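Any value given below was found using the heavy atoms of this structure, including those in side chains, with hydrogens, waters and symmetry copies removed. This is a predicted model, so every value here is computed, not measured. Throughout, a chain's letter reflects where its sequence line sits, starting with A, and its residues are numbered from 1.
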Number of protein chains: 2
Amino acid sequence: MKRAAPAPGKASRDPGHDPCGHRHPEESSSVRYEEALRTLTQSPLRVTRSRKAILTLFSGKHGPFSADEVHGMLADTACDLVTVYRSLASLEKIGLLRRCDFGDNTHRFELNTGEHHHHHVVCRVCHRAETLDHCAADSLEKMAASMGYSQITHIMEVFGVCARCRENASDHERH
Amino acid sequence: MKRAAPAPGKASRDPGHDPCGHRHPEESSSVRYEEALRTLTQSPLRVTRSRKAILTLFSGKHGPFSADEVHGMLADTACDLVTVYRSLASLEKIGLLRRCDFGDNTHRFELNTGEHHHHHVVCRVCHRAETLDHCAADSLEKMAASMGYSQITHIMEVFGVCARCRENASDHERH
DNA sequence: ATCTTTGCAAATACTTTGCAGGCTA
DNA sequence: TAGCCTGCAAAGTATTTGCAAAGAT
């Protein structure tokens with residue numbers, strides 16, 4: 001999102017808007033938070049201010065967000081970037097967050113609500129992500145299970161060039 | 001593969017062995033290479049010594065391999081690590097290599113033979129990878145296409161704990 | 001009281017970039 | 001020859017680690 005990327009992600013992102021266009025009804029935001037908090041409480045991890053802040057953020061915005069983006073969206077006094085990294089890692093470990101990979105060497109996370117397992121299409125040009133409301137990995141997970149694996153998870157991302165960027169590109173050629 | 005990883009990866013890898021256990025018949029190695037070379041020749045890219053060396057490597061070993069691993073396996077005089085990075089990127093761009101993502105912020109690549117599109121299960125503990133001879137992303141790619149995306153690709157990796165590592169872990173607990 | 005978590009600073013690891021010279025088409 | 005490629009050195013950027021102080025149960 002910063003190296004060879006033509007369109008920087010963070011800068012181009014409206015923080016008040018879900019990056020992947022996923023609809024997040026206002027009324028369920030707190031429900032999601034309560035549920036997440038319950039999971040955290042029941043885990044061996046401690047319920048700290050930073051973790052609560054991070055869970056609140058993820059309950060309200062769909063993501064996926066990188067550590068840096070999370071840190072930027074939290075109140076200035078919330079916590080250190082290092083703590084964000086550590087929190088994301090530990091919250092992923094207890095299954096509260098799910099990691100996404102947009103191929104730019106940056107870990108991104110979103111709330112791992114059981115209700116709604118999905119993936120994204122990421123535009124290779126503008127790096128915007130949209131939700132794909134479906135997951136097709138069941139068969140692969142079963143295959144892995146039959147090979148003796150346990151605690152199975154997966155990541156899956158689809159990449160392409162979105163209509164808007166394709167049009168922009170052909171505009172440029174017309175010059 | 002080096003950061004929070006309990007088992008180092010590169011060091012633990014036998015370079016003479018395909019990391020994901022994929023069978024690579026001796027006789028087709030050169031066939032794969034010839035085919036790749038043809039693609040490279042027909043591309044706008046130039047046929048250079050480094051690129052040939054890298055394609056030879058990928059034709060003989062299944063991978064996936066990181067830039068660093070590739071560099072380590074090439075003859076000492078073959079080329080600079082920077083060149084490996086650049087070659088992997090350009091060979092991916094013309095579709096000769098395919099990127100895999102094992103979740104450790106390291107790009108890995110394998111030969112993108114049309115014959116055999118597949119994915120991997122990666123053990124979260126020992127980081128060994130095995131092939132899953134199947135791909136379930138067609139439906140998602142179609143969905144992305146219907147949303148206006150073009151030049152669609154995807155990545156997909158399954159993670160778990162392999163039987164061996166699970167046993168080792170329970171051995172430790174028994175202490 | 002104990003064990004976890006945090007902040008800060010510093011270190012790592014992977015990847016990219018600039019530039020001059022070498023090589024391919 | 002013209003333009004792509006490469007090597008080397010140096011920079012970035014994301015992420016991790018060490019350690020002492022602060023916090024959670």
Between [atom2] of [N] and [atom1] of [X], the distance in whole Å:
X	N	atom1	atom2	value
R51(B)	dG7(D)	CZ	P	11 Å
K52(B)	dT24(C)	NZ	P	8 Å
L45(B)	dT6(D)	CG	C1'	14 Å
D80(A)	dG18(D)	CG	P	17 Å
L88(A)	dT6(C)	CG	P	11 Å
L74(A)	dG7(C)	CG	P	11 Å
D68(A)	dT15(D)	CG	C1'	11 Å
L81(B)	dA10(D)	CG	P	16 Å

**Item:** S50(A) or Y85(B), whichever maps to the more 5' nucleotide of DNA chain C
**Value:**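 Result of the comparison: S50(A).
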Any chance the side chains of [X] and [Y] put a donor and an acceptor closer than 3.5 Å?
X	Y	result
S150(B)	R166(A)	yes
D101(A)	H107(A)	no
E141(B)	Y149(B)	no
H62(A)	E110(A)	yes

Selection from [options] that lies nearest to any side-chain heavy atom of [X]:
X	options	result
T48(B)	dT15(C), dT24(C), dT5(C)	dT24(C)
N105(A)	dG7(C), dT15(C), dT15(D)	dT15(C)
V47(A)	dT15(C), dT25(D), dG7(C)	dT25(D)

**Request:** Using only heavy-atom distances, decide whether a donor-acceptor pair under 3.5 angstrom links the side-chain of R46(A) to the base of dC3(C).
**Result:**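 By the distance-only test, yes, there is a pair.
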**Request:** Give a yes or no on whether a donor-acceptor pair under 3.5 Å exists between the nucleobase atoms of dG7(C), that is its base, and the side chain of R86(A).
**Result:**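 Indeed, a donor on one side and an acceptor on the other fall under 3.5 Å apart.
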**Prompt:** Any chance the rings of H154(A) and H120(B) have centres within less than 6.0 Å?
**Reply:**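 That pair fails the under 6.0 Å test.
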**Prompt:** Which angle, rounded to 10°, do you find between the first-five-pair axis and the last-five-pair axis of the helix from dA1(C)-dT25(D) to dA25(C)-dT1(D)?
**Reply:**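 The value is 50°.
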**Prompt:** For DNA chain D, whose closest nucleotide is more 5', that of R49(A) or that of A89(A)?
**Reply:**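 Result of the comparison: A89(A).
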**Item:** Shortest non-hydrogen contact between L88(A) and A67(A), atoms and distance
**Value:**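 Scanning both residues, the minimum pair turns out to be CD1-CA, 3.6 Å.
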**Asked** Does R99(B) make a cation-pi contact with F159(A) (under 6.0 Å, within 45 degrees of the axis)?
**Response**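 Ring-cation test returns yes.
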